[in-house]
Visitor: 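Take this structure, written in structure tokens, and hold onto it; I'll ask about it next.
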Amino acid sequence: MPYYFVLGISGYRFRIITSFRNIFFECRIKACPCKIWISHPVVNYYICSGNHIHFTEMEKKVRVRFAPSPTGPLHMGGVRTALFNYLFARKHGGDFLLRIEDTDQNRYVPGAEEYIIESLKWCGLVPDEGVGFGGPFGPYRQSERKAIYRQYADQLIANGNAYYAFDSAEELDRLRREAEEKQQVFSYDQHTRLGLKNSLTLSSEEINRRIANGDPYVIRFKMPENTDVTETDLIRGSVTFNTAQLDDKVLFKSDGMPTYHLANVVDDHLMQITHVIRGEEWLSSMPLHILLYQALGWDETRPRFAHLPLILKPTGKGKLSKRDGDKMGFPVFPLLWTDPETGEVSRGYREDGYFPEAFINLLALLGWNAGNDQEFFSMDELIEHFSLDRVVKSGARFDPEKAKWFNRHYLQQKTAPELAVLFLPILNEKGILAPVEKVVRVVGLVKDRCEFVADLWGQSNYFFTAPESYDETTIRKKWKDDTSEKLQAIIEVFKSVSDWQAANIKERFSAFMNEKEWGFGVVMVPIRLALVGNSSGADLFDICELIGKDETIARIRKAIVAIRV
RNA sequence: GGCCCGUUCGUCUAGCGGUUAGGACGCCAGAUUUUCAUUCUGGUAGCAGGGGUUCGAUUCCCCUACGGGCUACCA
């Protein structure tokens, strides 16, 4: 059994917590210049130069969990929760576990669990324990832990912290509707429970009869009356709730499964979770969870809480939802997802061409910062700098533009050969077979204009196929009456270039232009138009070299014929 | 409706009683470029409002407004 000491020495007051299972020692007093260590089997302490005895705090090994419900694809907010848990665990040398919370059989979506695991892997957030990863605290799927929850519900009934409730869903619905008609809200709580059908109001004979009869019932938490529950949230600071405002939550459902609240508390305890890091939507249930730990006798070892701010829509009201992505053209899911029911497809960051490192980086900066101007972080840097007290309290609007900017950065970091490898399959798809050396050179020339690998095609297609049409605006502005004539002359110049390399072509071309005293712009834009189809693209002579002498001349000839003023 | 949380440029944020309120994305302008893009330089724009506390409030307290979350035998 865990135990603890409270010691007050030299102005410091430390709570020493330890269990025989997980102990590690960490000196928390950085300022002390002490060099002398005196070991002790349970408590570590040292004496500083001021002859004060300092006790070091001993803590349980950090263990955190990401506990999604497999009701659909993982939302990017969920990935961020997983990320912060992961970073916290790594930062403190602890464990990161994945627990699947599937206590609601009605909402189970096939494939969701696999999707969650694949998403975490793609992001590099690999759990130390959990569904799909094994570990000593399994099983990690709550549906497989069904048998262990009932005893804790019974324990709560036995010690007076819970009770049986026989009210049917229909009866409760009716009460809610009636209250609504009177502009009120029905709540199953300390104010109403004595007027309802439960083990607090029914005789023990009646209760036994109903249970023996197999009547459906739930087990509800008996919320204490009018007491303040105060907890220091690691992100938000002190938060107080009064139990008079809280309802008697169902802990155990009539189908024999626990609700989230019971299962969550029981599992966090059994799995020795030290820190619960989750979304702000759970803040309201924190007092219930704390009261549950207390009622189960686990208060001394219960985890600390940290509630993350939510990710909000880019515009408008509310938190980010699946629809926003469809409407505004960005993914809200890490991976592509096909709804098994409707067949509806939702785009994913991976399939949209985001690099996982960019995705992680942008997620990390949504609600957290290192306290300086650094914007780019590798996973290792995130682990090094991460701290819960630098997590922002307010919700963060997601900005798809900045997301792209992050990806651009990571794309620019990659070398041309690296990107060429990723580009090759796209070229293949387009039916283009090009030598790898050429693709590498092309990528090197156009990559700085790209945010995504997929942009490479749009920026470089003219290296592989001749333009089909010519930009009208450019024609109007730059294609003069004598342009054809001049291009004919240029063709002759190009023909005379023996060593077809960008530098040589440019040299011959420039010499010719100077000799004729033609303005560069007057000729170069039309050539570009002929080679590219519009007035954009890489350096003209690089294009010439890479598409080859014959192709260059052929394209110019084709343009002369096609474009008549 | 009730409870809880929040509020600094359009957006993400720094700030933890005295600052010319800093950075980033976006946007705009200039430079570079034979074009487009990149790049570089510069610019634009903010403490929700009202009361306190204080010599002094973006910063601390209260109220209001606004935003968010929860209010299921869902998580």
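What you see is a predicted model; the values in this text were computed from it and never measured. Chain identifiers are assigned alphabetically (A, B, ...) following the order of the sequence lines, protein sequences preceding nucleic acid strands; residue numbering begins at 1 within each chain.
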Visitor: Quick one about A/Ser536 and A/Asn534 (side-chain donor to acceptor, distance below 3.5 Å, no hydrogens or angles considered), yes or no?
Guide: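 Their side chains do contain a donor-acceptor pair, which is all the 3.5 Å distance test asks for.
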Visitor: Take atom CD1 of A/Ile543 and atom C1' of B/U34, then tell me their distance rounded to the nearest Å.
Guide: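 One finds 12 Å between C1' of B/U34 and CD1 of A/Ile543, rounded.
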Visitor: Measure CE/A/Met524 against P/B/U35 and give the value in whole Å, please.
Guide: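 Rounding to the nearest Å, CE of A/Met524 and P of B/U35 are 9 Å apart.
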Visitor: Ignoring hydrogens and geometry beyond distance, is a side-chain donor-acceptor pair present between A/Thr240 and A/Asp228 at under 3.5 Å?
Guide: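 No - no donor-acceptor pair under 3.5 Å links their side chains.
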Visitor: With heavy atoms under 4.0 Å as the rule, sort A/Gly318 into base, sugar-phosphate or nothing.
Guide: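 Sugar-phosphate, backbone atoms only, no base.
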Visitor: Please measure how far the P atom in B/G50 lies from the corresponding atom in B/U41, and state the result in whole Å.
Guide: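 To the nearest whole Å, 39 Å.
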Visitor: Count the heavy atoms belonging to other residues, nucleotides or ligands that lie under 6.0 Å from CD of A/Gln183, then report whether that count exceeds 12.
Guide: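 For A/Gln183, atom CD is not crowded (no more than 12 foreign heavy atoms under 6.0 Å).
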Visitor: When rounded to the nearest Å, what value does the distance between P atoms of B/C60 and B/G18 take?
Guide: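 Taking atom P in both B/C60 and B/G18, they lie 11 Å apart.
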Visitor: Mark up nucleotides 9-26 of chain B, 5' to 3', with B wherever a protein heavy atom is under 4.0 angstrom from a base atom, S wherever such an atom reaches only the sugar-phosphate, and - elsewhere.
Guide: --SBSSS-------SBB-
Visitor: A/Asn534 CG to B/A37 P: how many Å, rounded?
Guide: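 Answer to the nearest Å: 11 Å.
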Visitor: Provide the Watson-Crick or G-U wobble partner of B/U38, both distances under 3.5 Å; none if there is no partner.
Guide: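 Its partner is none (no Watson-Crick or G-U wobble pair with both distances under 3.5 Å).
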Visitor: Quick one: salt bridge (Lys or Arg N to Asp or Glu O under 4.0 Å) pairs with a partner in residues 512-541 of chain A, sequence neighbours left out?
Guide: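 Counting only pairs at least two positions apart or across chains, no salt bridge (Lys or Arg N to Asp or Glu O under 4.0 Å) contact touches residues 512-541 of chain A.
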Visitor: Do A/Asn369 and A/Arg390 pair up side chain to side chain, a donor and an acceptor below 3.5 Å, judged on atom types alone?
Guide: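 Side-chain D/A pair, A/Asn369 to A/Arg390: present.
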Visitor: Using a strict 4.0 Å threshold on nitrogen-to-oxygen distance, state whether A/Glu375 and A/Lys402 make a salt bridge.
Guide: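 Salt bridge present between A/Glu375 and A/Lys402.
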Visitor: Base, sugar-phosphate or nothing for A/Asn264? Non-hydrogen atoms, less than 4.0 Å.
Guide: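 No contact at all - A/Asn264 keeps every heavy atom at 4.0 Å or more from the nucleic acid.
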Visitor: Suppose you measure atom P in B/G23 against the same atom in B/G42; what distance do you get, rounded to whole Å?
Guide: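 Comparing P positions in B/G23 and B/G42 gives a spacing of 10 Å.
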Visitor: Counting only Watson-Crick or G-U wobble pairs whose two distances fall under 3.5 Å, which nucleotide matches B/A21?
Guide: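 Pairing partner: none.
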Visitor: Report which part of the nucleic acid A/Lys478 touches: base, sugar-phosphate, or nothing (heavy-atom distance under 4.0 Å, all strands).
Guide: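 Nothing, no nucleic acid heavy atom in range.
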Visitor: Have a look at A/Arg528 and say if it touches a base, only the backbone sugar-phosphate, or nothing, with a 4.0 Å heavy-atom cut-off.
Guide: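 Base contact.
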Visitor: With A/Ser535 as reference, evaluate A/Leu529, A/Thr474, A/Ile475 under the side chain to side chain contact (heavy atoms under 4.5 Å, CB included) test and give the passing residue.
Guide: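 So, applying the side chain to side chain contact (heavy atoms under 4.5 Å, CB included) to A/Ser535 and each of A/Leu529, A/Thr474, A/Ile475, only A/Thr474 qualifies.
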Visitor: Describe the nucleic acid contact of A/Thr240 in one word from base, sugar-phosphate, nothing, applying a heavy-atom distance below 4.0 Å.
Guide: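 Counting heavy atoms under 4.0 Å across all strands, the contact made by A/Thr240 is with sugar-phosphate only.
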Visitor: Looking only at the side chain of A/Asp448 (C-beta and beyond, no hydrogens), which of the listed nucleotides B/C4, B/A37, B/G67 gets closest?
Guide: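 Output: B/A37.
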Visitor: Atom OH of A/Tyr462 and atom P of B/U35: how far apart are they, to the nearest Å?
Guide: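 So the two atoms are 15 Å apart, to the nearest Å.
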Visitor: Using whole Å, report how far CG of A/Leu445 lies from C1' of B/A37.
Guide: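 Checked: the CG to C1' distance equals 13 Å.
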Visitor: Need one value for A/Gly537: base, sugar-phosphate or nothing, where a base atom within 4.0 Å counts as base even if backbone is also close, heavy atoms only.
Guide: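 Since a base atom lies under 4.0 Å of A/Gly537, the category is base.
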Visitor: Supply the atom-to-atom distance A/Thr243 OG1 to A/Asp189 CG, rounded to the nearest 0.5 angstrom.
Guide: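 The distance works out to 10.0 Å.
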Visitor: Answer yes when A/Asp247 and A/Lys249 have at least one side-chain N-carboxylate O distance shorter than 4.0 Å, and no when they do not.
Guide: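 A salt bridge is present here (some side-chain N lies under 4.0 Å from a carboxylate O).
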Visitor: I'd like to know if A/Arg174 pairs up with A/Glu178 as an ion pair, taking the criterion as any Lys NZ or Arg NE/NH1/NH2 lying under 4.0 Å from an Asp or Glu carboxylate oxygen.
Guide: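 So A/Arg174 pairs with A/Glu178 through a salt bridge.
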Visitor: How far, in whole Å, is B/C63 from B/U71 if one measures between their P atoms?
Guide: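 Straight-line distance between the two P atoms is 26 Å.
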Visitor: Could you give the CG-to-P distance, from A/Asp542 to B/U34, as a whole number of Å?
Guide: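 Roughly 13 Å, once rounded to whole Å.
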Visitor: Under a 3.5 Å cut-off for both distances, is B/G6 Watson-Crick or wobble paired, and to whom?
Guide: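 When the pairing criteria are applied, B/C66 turns out to be the nucleotide that pairs with B/G6.
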Visitor: Classify every nucleotide of nucleotides 70-75 of chain B by which part a protein heavy atom approaches to under 4.0 Å, writing B for the base, S for the sugar-phosphate alone and - for neither, in 5'-to-3' order.
Guide: S-SBBB
Visitor: Are the aromatic ring centres of A/Tyr115 and A/Trp337 under 6.0 angstrom apart?
Guide: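 Yes, the ring of A/Tyr115 comes within the 6.0 Å limit of the ring of A/Trp337, centre to centre.
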Visitor: Give the B/S/- string for nucleotides 40-47 of chain B, one per nucleotide from 5' to 3', where a protein heavy atom under 4.0 Å of the base yields B, of only the sugar-phosphate yields S, and otherwise -.
Guide: --------
Visitor: In whole angstrom, give the distance that lies between atom CG of A/Asp455 and atom P of B/U38.
Guide: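 Computing the A/Asp455:CG to B/U38:P distance gives 12 Å.
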Visitor: Taking side chain to side chain donor-acceptor pair (under 3.5 Å) as the criterion, tell me which of A/Arg236, A/Lys393, A/Arg278 meets it with A/His307.
Guide: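 That would be A/Arg278; it is the only one of A/Arg236, A/Lys393, A/Arg278 passing the side chain to side chain donor-acceptor pair (under 3.5 Å) with A/His307.
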Visitor: Can you name the nearest heavy-atom pair linking A/Ile360 to A/Leu83, along with the distance?
Guide: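 Minimum heavy-atom contact is O-CD2, 3.8 Å.
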Visitor: For B/U11 and B/C16, measure between their P atoms and round to the nearest Å.
Guide: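 Between the two P atoms, the distance is 23 Å.
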Visitor: Measuring only the P atom in each nucleotide, how far is B/U59 from B/C40? A whole number of Å is fine.
Guide: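 Looking at atom P only, B/U59 and B/C40 are 36 Å apart.
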Visitor: Round to a whole Å and report the spacing from CZ of A/Phe520 to C1' of B/U34.
Guide: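 Distance, rounded to whole Å: 7 Å.
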Visitor: Once you apply a heavy-atom cut-off of 4.0 Å, does A/Leu540 come out as touching a base, just sugar-phosphate, or nothing?
Guide: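 Base contact - A/Leu540 has a heavy atom under 4.0 Å of at least one base atom.
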Visitor: With sequence neighbours left out, what residues match A/Phe464 under ring pair (Phe, Tyr, Trp, His ring centres under 6.0 Å)?
Guide: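 Ring pair (Phe, Tyr, Trp, His ring centres under 6.0 Å) check on A/Phe464 returns nothing, list empty.
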Visitor: Please produce a list of atom pairs where a protein N or O lies less than 3.5 Å from an N or O of nucleotides 57-64 of chain B.
Guide:
none

Visitor: Side chains of A/Tyr260 and A/Asp104: is there a donor and an acceptor less than 3.5 Å apart?
Guide: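 There is no such pair between these side chains.
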Visitor: Name the pairing partner of B/U54, where a pair is Watson-Crick or G-U wobble with both distances under 3.5 Å, or state none.
Guide: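 Check on B/U54: unpaired, no WC or wobble geometry under 3.5 Å.
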Visitor: Assess whether a salt bridge exists between A/Lys414 and A/Glu357, defined as any Lys/Arg side-chain N lying under 4.0 Å from an Asp/Glu carboxylate O.
Guide: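 Looking at A/Glu357 together with A/Lys414, the answer is yes, because their closest N to O distance falls below 4.0 Å.
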